[in-house]
Amino acid sequence: MSNNIRDDLPWWKKTTVYQIYPRSFKDSNQDGIGDIPGIISKLDYLQELGIETIWLSPFFDSPQRDHGYDVRDYRSIASEYGTMSDCERLIREIHAHNMFVVFDMVLNHTSDMHPWFIESRSSRDNPKRDWYIWRDGRKPGGRKPPNNWNSMVGGSGWHYDELTDQWYWAQFLPFQPDLNYRNSEVKKEMFDTLRFWLDKGVDGFRLDIIHTIYEDEQLRDNPYAMKYLPSEEDSRSFFHDNIHTIHHRDNFLFVKELRRILDEYSDPERFLVGEVGAPYDILKRYCGDVTNDGRTDGLHMTFQFKSLNTNMNASSIRKLISDFETHFPEPYIPTWVFSNHDQMRRISKLGNDIPLAKLNAVLQLTARGVPFIYYGEEIGMLDHNISLHDAQDPVARKYSWLPRPLLALITRGGKISLNRDNCRTPMQWDSSDNAGFTGSEVHPWLPLEPRYHSINVERQESDMDSLLNCYKTLLQIRKRNPALHAGSMHLHPSNTASKHLIVYDRKYRRNDMVGQSLRILLNLSRTPMEVDRIDSDCVLLFSTHKDTHPLDDRDVILEPFEGIILDIQ
Ligand code: GLC
Ligand code: CA
């Protein structure tokens with residue numbers, strides 16, 4: 001393949017993202033809490049790993065009741081994480097390492113300790129009163145919430161405040177009151193906050209629960225729905241169809257306003273990725289419409305959380321790929337998310353099976369879309385099993401009263417986790433006490449996952465067959481080959497002779513220049529699989545199992561759970 005092939009997709013469609021949960025990545029000052037200087041000290045590691053963009057969960061000033069998703073000041077840094085100058089150095093250093101940086105923006109709500117909310121709740125005629133959503137309770141006496149709306153985490157989202165005898169609205173937990181975006185001052189302030197960070201060189205934002213920005217102005221009750229438990233793609237929950245609180249039509253205009261702010265910046269372009277729980281058609285609406293110049297005008301991308309709970313079998317994976325391709329064709333772009341700070345880690349769902357995790361990595365890094373790798377995913381860090389009673393996570397604590405049988409029902413027998421601490425344990429750097437996350441005498445903010453003695457970076461770096469080296473190689477191959485980061489996607493139809501096999505081609509061609517065609521084959525079964533001979537002179541670029549394959553005169557035999565990449569030019 002000629003080296004001078006260039007493609008014209010914007011960088012953010014071709015990138016690979018790594019999510020850092022700052023509290024758990026690396027502690028530099030021995031207080032048991034990860035921090036910004038700690039992250040800076042690990043940038044060489046991330047560059048060598050080969051990821052291209054770093055998304056950091058929030059590290060703004062916060063009372064930390066939801067570990068940063070409860071912001072007290074959007075323009076300053078929480079003292080346990082560092083200072084503004086540490087943060088500026090982080091941005092500079094990430095760029096100096098040839099990577100991009102994405103911050104996490106919580107627009108929907110602030111902390112109840114934010115000075116705006118403290119003012120807002122102080123009296124009915126305070127100038128900040130209307131920055132939040134205050135309403136009278138239902139008559140008689142106003143002792144009942146204004147209407148039947150539930151929060152996303154269950155129970156009424158209205159909270160009574162005695163001082164002014166009114167109720168405020170909170171889409172998430174009670175200490176996270178929703179901002180009122182129908183107030184133009186709020187909008188202006190938050191839009192300027194985005195510019196504040198963009199001016200400092202931040203390359204984009206991950207937008208926290210952006211599907212909950214607006215609610216029905218008339219406060220109409222949500223209708224009944226025959227569904228109790230919340231789920232990623234369906235906003236009905238707790239027996240309500242949340243039509244007046246989630247995906248309000250004004251949200252779709254709001255994301256276009258956000259996009260215009262990001263479009264004020266170029267060189268490089270900046271991007272938005274939205275956290276939205278919704279079916280594909282709604283996710284796509286958050287990405288906006290296709291404009292005359294062939295771009296989209298909403299969020300650059302949204303997470304497609306369907307992948308989180310997709311089983312590792314050929315028919316489920318095939319459906320996932322084909323749904324992504326159907327719903328997010330160019331100029332839209334899918335995302336590949338298997339873990340994050342709210343979910344049980346993927347490898348724990350795969351039964352701590354390394355071959356399956358490698359196969360999953362091949363899919364994540366070779367299918368069309370932007371991969372999001374959660375810290376520790378590259379070494380197969382497992383979920384810890386921390387009880388709800390010991391939880392730091394406020395959502396887990398809210399449910400710590402649940403009797404075991406009910407808990408088993410809600411977590412589908414342990415398939416999902418109610419305690420988000422489980423996936424937020426400290427990064428496992430080496431096998432020393434506290435895994436190199438912090439000093440061995442220090443008490444880390446969350447306990448280490450006990451298997452860190454064998455599952456850690458240091459150990460896997462020296463093992464060529466490790467999951468870490470599998471990620472590294474795949475990331476390099478992805479970077480070197482435009483077909484993988486910029487090419488089209490062609491999923492082969494399933495074939496009855498090999499129903500456990502997934503095959504897709506990634507093709508890339510620009511004008512009349514030499515193109516590139518890669519074929520990815522994934523054997524999702526426990527048995528070796530013979531696949532059709534490929535006539536052209538194909539070259540094996542990668543295998544999860546070994547470096548070389550007998551490709552010359554024979555058909556390709558895939559080992560159980562083997563994934564390979566062939567150059568079939
Ligand atoms: C998002 C975050 C989660 C947080 C919640 C409230 O879902 O990912 O961690 O608790 O929003 O901000
Ligand atoms: Ca620290």
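Indexing begins at 1, ligand by ligand and atom by atom, following the structure's order.
The single protein non-hydrogen atom nearest to atom 9 (O) of ligand 1 is D342 OD1, 2.7 Å, given as residue, atom name and distance. Among all non-hydrogen protein atoms, the one lying nearest atom 2 (C) of ligand 1 is D208 OD1, 3.0 Å. Counting protein heavy atoms only, atom 7 (O) of ligand 1 is closest to E275 OE2, 2.8 Å. Protein heavy atom in closest approach to atom 4 (C) of ligand 1: D66 OD2, 3.4 Å.
Between H341 and Y69, the distance from one ring center to the other falls under 6.0 angstrom. No close placement of the W55 and Y374 rings is indicated, their centers lying 6.0 Å or farther apart.
Here N29 reaches the Ca ion (ligand 2): one of its N/O/S atoms is less than 3.0 Å from the metal. Checking D35 against the Ca ion (ligand 2), an N/O/S atom falls under the 3.0 Å cut-off. Here G38 fails the criterion, with no N, O or S atom under 3.0 Å of the Ca ion (ligand 2).
Cation-pi geometry between R260 and F254 is not met at under 6.0 angstrom from the ring centre and within 45 degrees of the axis. Geometrically, K26 does not engage F437 in a cation-pi contact defined by less than 6.0 Å to the ring centre and at most 45° from the axis. Judged by the 6.0 Å distance and 45° axis criteria, R135 is not positioned over the aromatic ring of W158. Annotation: cation-pi pair R23/W445 present, NZ/CZ under 6.0 Å from the ring centroid and within 45° of its normal. Geometrically, K14 does not engage W11 in a cation-pi contact defined by less than 6.0 Å to the ring centre and at most 45° from the axis.
Residue-ligand proximity: H67 is placed with every non-hydrogen atom at 4.0 Å or more from ligand 1. Heavy atoms of R206 approach ligand 1 to within less than 4.0 angstrom.
Of all atoms in ligand 1, listed by their number and element, those nearer than 4.0 Å to a heavy atom of R420 are 3 (C), 4 (C), 9 (O), 10 (O). Heavy-atom proximity to H109, at under 4.0 Å, picks out these atoms of ligand 1: 6 (C), 12 (O).
Only the side chain of F172 comes within 4.0 Å of ligand 1, counting heavy atoms alone; its backbone N, CA, C and O stay farther away. Only the side chain of R424 comes within 4.0 Å of ligand 1, judged by heavy-atom distances. For M152, no heavy-atom contact with ligand 1 is shorter than 4.0 Å.
A heavy-atom distance below 4.5 Å is found between the side chains of D112 and R65.
When the options T110, D70, D66 are evaluated for a side chain to side chain donor-acceptor pair (under 3.5 Å) with Q176, the one that passes is D66.
In this model, a donor atom of one side chain and an acceptor atom of the other lie less than 3.5 Å apart for Y286 and N251.
The atom of D31 nearest to the Ca ion (ligand 2) is OD1, with the search restricted to N, O or S atoms. Looking at D27, its N, O or S atom nearest to the Ca ion (ligand 2) turns out to be OD1.
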